[in-house]
Structures are given as C-alpha cells and as structure tokens.
Amino acid sequence: MPSSVTALGQARSSGPGMASSACCCSPAAVQRRLPILAWLPNYSLQWLKMDFIAGLSVGLTAIPQALAYAEVAGLPPQYGLYSAFVGCFVYFFLGTSRDVTLGPTAIMSLLVSFYTFHEPAYAVLLAFLSGCIQLAMGVLHLGFLLDFISCPVIKGFTSAATVTIGFGQIKNLLGLQNIPRQFFLQVYHTFLRIAETRVGDAVLGLVCMLLLLVLKLMRDHMPPVHPEMPLGVRLSHGLVWSATTASQNNYRVDANQELLAIGLTNVLGSFVSSYPVTGSFGRTAVNSQSGVCTPAGGLVTGVLVLLSLDYLTSLFYYIPKSALAAIIIMAVAPLFDTKIFRTLWRVKRLDLLPLCVTFLLCFWEVQYGILAGALVSLLMLLHSAARPETKVSEGPVLVLQPASGLSFPAMEALREEILSRALEVSPPRCLVLECTHVCSIDYTVVLGLGELLQDFQKQDVALVFVGLQVPVLRVLLSADLKGFQYFSTLEEAEKHLRQEPGAQPCNIREDAVPDHKVALLEA
C-alpha cells in the first residue's frame with residue numbers, strides 16, 4: 001500500500017509535465033505537423049487521377065512562368081526552374097491546403113530584384129536567410145503577426161507591384177535596350193526611346209498576349225471540372241486555366257504550418273540554387289480549378305519541372321524575351337484590383353489612407369511602401385483604441401456607454417467626456433456607466449475610474465456601473481474602490497437613482513454588488 005501511495009503521488013506531481021509531453025507527441029499534434037498523415041491513409045485511385053491532371057496542368061504553367069519570373073528577379077532563366085520544384089516535394093508532406101502551390105512568383109521576384117543586384121549568389125543566400133526566418137516564425141507560432149497587416153495594405157502593395165512588374169516588361173515587349181530598373185526612370189526612358197521599338201519583338205509579344213486573352217475568354221465559358229469528365233476534357237480544361245489565370249483562391253490555412261513549409265522550402269531550395277519562393281495566386285487557382293484532391297498533385301508538377309531542367313535547358317537561350325514579357329503581363333494584370341477603391345469608399349473611406357500610402361510609396365521602394373502602410377494602419381488602430389466611440393442617452397439620468405473595449409489609452413478621453421457631461425454642468429448630474437461592451441480593463445483604467453468616483457463624491461452625485469462582465473467586475477472589486485456601485489440592469493440603476501429627493505443631488509449608497517453576483521465571483 002505505501003508503495004502505491006508513493007507512485008500515485010509521483011504521478012500527480014509529474015502529471016503536468018507528462019501531460020505536456022504526451023500532448024506534444026499525441027497523434028493530433030503529429031498530424032498537425034505532418035498533414036500528410038491526415039489524407040494519405042484514405043488516398044484513392046480516383047484522387048490519383050484528379051491529382052495527376054492537376055499536377056500536369058500546374059506544371060505546364062509553372063515552367064513558362066518560372067522562366068519569366070527569373071527575368072523579373074534579374075536572374076538567368078534557369079534559376080526560375082531551380083526555384084520551382086523543391087516546394088512541390090516539401091509541400092507534399094507539410095502543406096495544409098490541397099490547392100496551394102509553392103514556387104517563384106511575380107511579386108517575390110520583384111522583391112528579390114531589389115536586393116540581389118543581378119547576382120545569383122546573393123539570391124541563393126537570400127533564400128537561405130529568409131527560409132531560416134520563416135522557420136523560426138513557424139516554430140515560435142508567430143503567424144498571428146500576419147493579422148496586423150490589413151487588407152488595404154496588401155491590396156495597395158499588390159496593385160503597385162502589378163503596375164511596376166507590368167510596366168517593367170514593356171521594354172522587353174518592345175525590344176528596347178538599356179532601360180533603367182528604377183520605376184520612375186524606367187517610365188521616362190521608355191517613352192523617350194519609344195521610337196526605337198523593334199517591330200518583330202512587338203508583334204510577337206502582342207500576338208502572345210492576344211492568344212492568352214483568347215484562352216482567358218475560353219476559360220470564362222468553360223463548365224466546372226468534374227471527376228466524371230473524360231480525361232482529355234479535364235486536361236484541356238486545366239491547360240486553359242494554366243495559361244490564363246492569376247486569380248486568388250480564398251483558402252484558409254494554418255499560418256504557422258505554412259510558415260514551416262515555406263521556410264523549409266527556401267532553406268532546402270538554397271542548396272539547389274533557388275531564390276526565395278512563396279505561394280502562387282495563379283498556380284493555386286490552376287490547381288483548384290483542375291480538380292486537385294490532395295497535395296500529391298505537386299509531385300507531378302515537381303517531376304515535370306525536373307524533366308524540363310534535364311532536357312530543355314539548352315533551349316532556354318532561344319526563348320524570346322517578348323514572349324516571356326507577354327506571359328508576365330497577362331499573369332500579373334488580374335492582381336490589380338480596380339474595385340477595391342470603390343468598395344472602400346462605400347464601406348470605410350478612412351481605409352483608403354493606408355491603401356493609397358502603400359500604393360504610392362511602393363513606386364519609390366517596395367519595402368518603404370509596405371512599412372508605411374502598416375504604420376498608418378497601426379496608428380489608425382491605436383487611435384480607435386484611444387478614442388473609442390461612446391453612446392450617450394440624455395434623460396432624467398445620464399447614461400454613457402462605451403461602444404467598444406476600454407483600455408488605458410482611452411481612459412483620459414473617457415474621463416474628459418464624463419466630466420464635461422456630468423460634473424461641469426450646473427447642477428451636476430448622476431451618471432450610469434453602461435459597460436456591456438467592456439470585456440477587460442487594466443490597472444490604468446482602474447486608477448482612472450477610482451479618480452472619477454472621488455470626483456463624483458466631491459460633487460455629492462452618484463456614478464454607478466451597469467452591465468459589467470464577470471472578469472471586469474472581479475478586477476474592480478479586487479481594487480476596493482471607494483463608492484463603487486454596481487447594478488445588473490439599467491432599470492435597477494435608474495430606479496435606485498430616482499429614489500433620491502428630486503431637487504437634491506444623488507447621495508452615495510454602499511449596496512454595491514447584488515448577493516448573487518458576489519456568490520458568482522466567489523465561485
């Protein structure tokens with residue numbers, strides 16, 4: 001018996017650590033880190049057929065896009081293919097979405113061009129360093145940081161990048177030489193040398209763009225793909241999609257796991273001369289519209305890219321730059337969201353500020369535009385926290401309700417409004433502070449409320465609270481504020497305040513908290 005008691009005591013004392021270890025090694029935790037374990041046991045022959053078609057479709061769009069995006073990054077064409085296959089194999093094991101594909105993209109290539117100075121070695125080093133940072137963010141569960149980059153900032157960045165990338169290819173489309181890479185200088189010299197256009201390059205580029213436009217129109221009139229469709233129909237559907245789309249696919253994924261997948265892709269890719277890669281809007285849409293069922297479709301794409309590297313590398317030299325320019329322009333054009341300005345004007349005009357700041361500054365330096373837009377969004381967020389809207393109900397009793405949470409930056413503004421409406425009038429008025437929307441408070445708020453209670457006591461009028469949530473009520477009771485009064489409903493508070501003589505100021509009563517609330521707090 002004593003030994004059993006000792007064993008039980010040891011189990012209890014070591015329980016939390018053992019539970020934590022078991023949690024980390026539980027099937028659910030392992031499956032979260034290796035999402036392949038969730039779908040591979042149920043893999044079927046039907047899925048294999050759909051994944052093969054989707055992987056082939058994505059591969060056929062990945063090869064020309066990779067070659068074109070290497071040009072955007074200022075690197076030789078083969079570096080685009082070096083960057084296009086590692087993510088296919090890594091995402092097979094670590095990816096949380098069946099649709100997402102990793103590889104070179106137009107916007108990432110643009111960013112790479114700013115830091116590598118046409119030197120492949122710098123691009124490879126950049127892939128390794130960015131991969132290490134992404135891995136660290138994934139391990140530390142820092143994916144939530146993405147929540148602080150607002151949609152207007154992202155839209156402003158992608159729209160500016162679309163203009164920068166698209167106009168940057170005009171020189172190749174027209175066959176112009178010695179055009180600077182800086183955007184404003186590029187615009188100036190392009191128009192200055194427009195007379196030097198090479199007719200052959202321009203005709204080839206425009207014909208390619210026209211062909212891609214025709215494929216886009218064909219895609220718009222094609223029915224959705226179904227597993228019952230013949231193999232040839234599904235393949236042609238995928239080819240049309242692969243040649244035309246850059247549209248977004250609204251797919252929710254685990255941000256931390258995606259950081260791990262992208263980070264490992266960049267780290268491993270650096271060993272095969274890859275430059276930084278990320279998820280592709282266009283190829284993700286191709287994957288989805290082709291009927292992909294699992295990330296196994298990426299294996300077909302990766303093998304196809306490797307085969308092209310083995311057998312087609314010698315032909316890369318003969319690919320016309322004007323044809324690659326046409327592919328890039330048609331790929332990035334849908335990324336410019338022309339509706340976002342009108343939408344924000346209708347929904348919330350203030351959100352146009354970070355969008356415009358990001359959009360305009362990205363033409364100077366992309367990183368400055370993103371940082372400035374994020375900073376403007378953060379300042380707007382802080383302003384809303386520091387100056388929350390309040391609803392005021394005038395009547396026999398003044399009722400003031402903060403329309404959002406209450407934190408320390410907002411305390412001074414709330415104090416000024418209360419003083420101006422209740423104590424700086426003649427005669428001073430009782431006030432009900434309706435706190436239904438206040439879910440937490442901090443020490444600064446507690447101090448500010450204590451000072452307000454003292455100010456009301458000096459004027460011999462009452463400040464009472466209504467609608468306090470349990471966590472907030474617990475904090476206020478722990479602070480032991482003198483004169484603190486709480487009521488469950490607004491009707492109870494108004495009834496209490498109207499009990500005082502009509503011409504006399506309200507006197508302070510000490511029946512702060514109903515018995516059932518005290519019992520709830522003690523529990």
## Note on the structure
One should read off an interatomic distance between L260 CG and L94 CG, to the nearest 0.5 angstrom, of 7.0 Å
### Message
N287 vs T101, test: side-chain hydrogen bond (donor to acceptor under 3.5 Å, both in side chains). Steps then yes/no.
### Response
CA-CA 8 Å; N287 214 18; T101 63; 5.7 Å; no
## Note on the structure
CD1 of I319 to CG of L312, rounded to nearest 0.5 Å, is 8.5 Å
### Task
Check L212 against I327 and note the closest heavy-atom contact, atom names and distance.
CD1-CA, 4.0 Å
### Query
When rounded to the nearest 0.5 angstrom, what is the spacing between CG in L40 and CH2 in W47?
9.5 Å
### Query
In Å and rounded to the nearest 0.5 Å, what is the SG to CD1 distance from C362 to I370?
5.5 Å
### Task
Could you walk me through whether Y311 and L307 pass the side-chain contact (heavy atoms from CB on, under 4.5 Å) test, one step at a time?
CA-CA 6 Å; Y311 295 106; L307 289 175; 4.0 Å; yes
### Message
For a ring-ring contact (aromatic ring centres under 6.0 Å, His included) check, start with the C-alpha distance between F114 and W364, then their side-chain angles and the critical distance, and finish with the verdict.
### Response
CA-CA 11 Å; F114 291 139; W364 176 30; over 10 Å; no
#### Entry: Under 3.5 Å: donor-acceptor pair, side chain of N256, backbone of G143
yes
### Task
Look at the side chain of Q182 and the backbone N and O of L185, then say whether any donor-acceptor pair between them is shorter than 3.5 Å.
yes
### Message
With a 6.0 Å cut-off on the ring centroids, do F359 and F363 count as close?
### Response
yes
### Query
Which atoms form the tightest heavy-atom contact between L174 and A202, and what is the distance?
CD2-CB, 4.1 Å
### Distance-only polar pair, side chains of D254 and T96, donor-acceptor under 3.5 Å
no
### Query
Can you list the steps and then say if Y275 with S109 is a side-chain hydrogen bond (donor to acceptor under 3.5 Å, both in side chains)?
CA-CA 8 Å; Y275 68 83; S109 301; 2.9 Å; yes
### Query
Would the number of heavy atoms belonging to other residues, nucleotides or ligands and lying under 6.0 Å from CZ of F183 be above 12?
yes
### Message
Quick one: does any side-chain atom of T61 pair with a main-chain N or O of V58 as donor and acceptor, under 3.5 Å?
### Response
no
### Query
Do any N or O atoms from the side chain of D51 and from the backbone of C293 form a donor-acceptor pair under 3.5 angstrom?
yes
### Short side-chain to backbone donor-acceptor contact, T158 and K155, under 3.5 Å
yes
#### Entry: Heavy atoms of other groups near Y122 OH, more than 12 under 6.0 Å
no
### Task
Quick one: list whatever passes side chain to side chain donor-acceptor pair (under 3.5 Å) with S150, sequence neighbours left out.
S377
### Query
Between W345 and R349, is there a cation-pi geometry (under 6.0 Å to ring centre, at most 45° from the normal)?
yes
### Query
What's the verdict on side-chain contact (heavy atoms from CB on, under 4.5 Å) for L360 and V357, showing C-alpha distance, side-chain angles and the deciding distance?
CA-CA 5 Å; L360 295 175; V357 168; over 6 Å; no
### Message
For S270, is there any backbone N or O sitting under 3.5 Å from a side-chain donor or acceptor partner on S274?
### Response
no
### Message
Tell me whether Q186 contacts the main-chain N or O of P180 through its side chain, where contact means a donor paired with an acceptor under 3.5 Å.
### Response
yes
### Task
Looking only at non-hydrogen atoms, find the nearest pair between G205 and L173 and report the distance.
CA-CD1, 3.4 Å
### Query
Would C132 and L129 count as a side-chain contact (heavy atoms from CB on, under 4.5 Å) if you check the C-alpha gap in whole Å, the side-chain angles of each, and the deciding distance to 0.1 Å?
CA-CA 5 Å; C132 291; L129 296 177; 5.7 Å; no
### Message
Can you confirm whether F184 is buried at CZ, in the sense that more than 12 heavy atoms of other residues, nucleotides or ligands lie under 6.0 Å from that atom?
### Response
yes
### Query
Are F89 and F92 close enough that their ring centers fall under 6.0 Å?
no
### Task
List the steps and the verdict of side-chain contact (heavy atoms from CB on, under 4.5 Å) for N172 and Q169.
CA-CA 5 Å; N172 294 328; Q169 295 304 310; 3.1 Å; yes
### Message
Can you list everything that forms a salt bridge (Lys or Arg N to Asp or Glu O under 4.0 Å) with D442? Sequence neighbours excluded, please.
### Response
none
### Message
Using every non-hydrogen atom in the two residues, find where T358 and G156 come nearest and quote the distance to one decimal.
### Response
CG2-C, 3.9 Å
#### Entry: A106 versus V72, closest heavy-atom pair with distance
O-CG1, 4.0 Å
### Query
Looking just at side-chain N and O atoms, do Y79 and E71 make a donor-acceptor pair shorter than 3.5 Å?
no
### Message
Under a 3.5 Å distance rule, please check whether H118 uses its side chain to pair with a backbone N or O of G74 as donor and acceptor.
### Response
yes
### Query
Counting only heavy atoms not in Y43, do more than 12 fall under 6.0 Å of its OH?
yes
### Message
For the backbone of L381 and the side chain of S384, can you confirm whether one donor and one acceptor N or O come within less than 3.5 Å of each other?
### Response
yes
### More than 12 heavy atoms of other groups within 6.0 Å of H141 NE2
yes
### Query
For the residue pair F271 and F128, does the interplanar ring angle fall in the parallel (under 30°), tilted (30 to 60°) or perpendicular (over 60°) class?
perpendicular
### Message
Quick check against the 3.5 Å criterion: does T301 have a side-chain atom that pairs as donor or acceptor with the backbone of G55?
### Response
yes
### Query
Roughly how far, to the nearest 0.5 Å, is the CD atom of Q65 from the CG atom of L60?
11.5 Å
### Query
Which pairs, with at least one residue in residues 192-214 and sequence neighbours excluded, count as a salt bridge (Lys or Arg N to Asp or Glu O under 4.0 Å)?
R198-D201
### CZ-OG1 distance between R98 and T294, expressed to the nearest 0.5 angstrom
10.0 Å
